[in-house]
Amino acid sequence: MRTFISIVVIVYFVAINFYGILMLHFQKKAREDGDEENITIGDSRLFIAGLLGGATGIFVFMFIFKYRLKSFLMMVFMPVLVAVNVYIMISVLTGNYNFLSLK
């Protein structure tokens, strides 16, 4: 059962990171095309995807795409969310399911 949970967690984190990367790519593409008023992917959606586990992919691909590097919120909060996501993933993969308790 623990192996199954580990596989599900890994697949989830890969999928949510891929989703965050795609959102960042489409946001960049819309801004480059000059379609500022019709951008459907806002920064709030990127933060939600980062909070749900996609912060690592978003943060790494910000540098690869060279996009959103001057945004203070993205450059400060994404690394914090990366640390939180890594902590949660390690806690779940090691079998420590009570990672939210402060004991």
Side-chain angles (χ1 to χ4, degrees):
M1 184 65 175
R2 186 171 170 192
T3 305
F4 177 72
I5 292 173
S6 298
I7 291 171
V8 169
V9 167
I10 291 170
V11 168
Y12 171 76
F13 272 97
V14 169
I16 196 72
N17 276 293
F18 185 68
Y19 177 70
I21 292 166
L22 286 178
M23 284 196 324
L24 189 70
H25 173 71
F26 288 129
Q27 186 186 47
K28 178 184 177 188
K29 193 177 215 183
R31 288 190 196 250
E32 284 178 349
D33 292 341
D35 199 13
E36 291 286 333
E37 60 272 351
N38 292 327
I39 294 176
T40 58
I41 301 171
D43 287 344
S44 61
R45 287 189 181 187
L46 286 174
F47 281 115
I48 290 171
L51 186 65
L52 293 175
T56 306
I58 293 170
F59 188 66
V60 169
F61 274 83
M62 280 172 44
F63 290 100
I64 291 175
F65 293 152
K66 295 180 182 169
Y67 179 67
R68 305 294 294 170
L69 296 176
K70 294 182 181 177
S71 172
F72 178 75
L73 290 174
M74 295 290 278
M75 293 303 291
V76 170
F77 289 122
M78 278 302 156
V80 171
L81 290 177
V82 168
V84 170
N85 291 336
V86 168
Y87 173 73
I88 290 172
M89 187 170 181
I90 289 173
S91 296
V92 170
L93 291 178
T94 58
N96 185 10
Y97 298 114
N98 56 355
F99 53 87
L100 294 177
S101 66
L102 300 174
K103 293 180 183 178

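Note that the numbering runs from 1 along the sequence shown for the chain.
Pairs engaging residues 43-65 under the side-chain hydrogen bond (donor to acceptor under 3.5 Å, both in side chains) rule: Gln27-Asp43, Asp43-Arg68 [sequence neighbours left out]. Applying the salt bridge (Lys or Arg N to Asp or Glu O under 4.0 Å) rule to pairs touching residues 50-59 yields nothing, sequence neighbours excluded. Counting only residues at least two apart or in different chains, ring-ring contact (aromatic ring centres under 6.0 Å, His included) contacts with residues 57-84 comprise His25-Phe65, Phe59-Phe63, Phe61-Phe65. Applying the salt bridge (Lys or Arg N to Asp or Glu O under 4.0 Å) definition to pairs two or more places apart or across chains, none involves residues 6-26.
Cluster partners of Val80, using a side-chain heavy-atom cutoff of under 4.5 Å among ILVMFWY residues and allowing indirect links: none.
Following chains of ILVMFWY side-chain contacts shorter than 4.5 Å, one cannot reach Val11 starting from Leu93, and the two form parts of different hydrophobic clusters. By the rule that hydrophobic residues join a cluster once side-chain heavy atoms approach within less than 4.5 Å of another member, Val82 and Leu69 end up as members of one cluster. By the criterion of side-chain heavy atoms lying less than 4.5 angstrom apart, applied directly or through intervening Ile, Leu, Val, Met, Phe, Trp or Tyr residues, Val8 is not grouped with Ile10; the two fall into different hydrophobic clusters.
One finds the CD atom of Glu32 at 9.0 Å from the NZ atom of Lys29 (value rounded to the nearest 0.5 Å). Separating the CD1 atom in Ile58 from the CZ atom in Phe47 is a distance of 9.0 Å, to the nearest 0.5 Å. The CE atom of Met62 sits 7.5 Å away from the CE atom of Met78 when rounded to the nearest 0.5 Å. From Ile64, atom CD1 reaches atom CG of Leu24 across 10.0 Å, with rounding to the nearest 0.5 Å.
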If you look only at distance, which donor and acceptor atoms sit under 3.5 Å apart when one is on a side chain in residues 15-23 and the other is two or more places apart or in another chain?
from, atom 1, to, atom 2, distance (Å)
Asn17, OD1, Gly57, N, 2.7
Asn17, ND2, Phe13, O, 2.6
Asn17, ND2, Gly53, O, 3.4

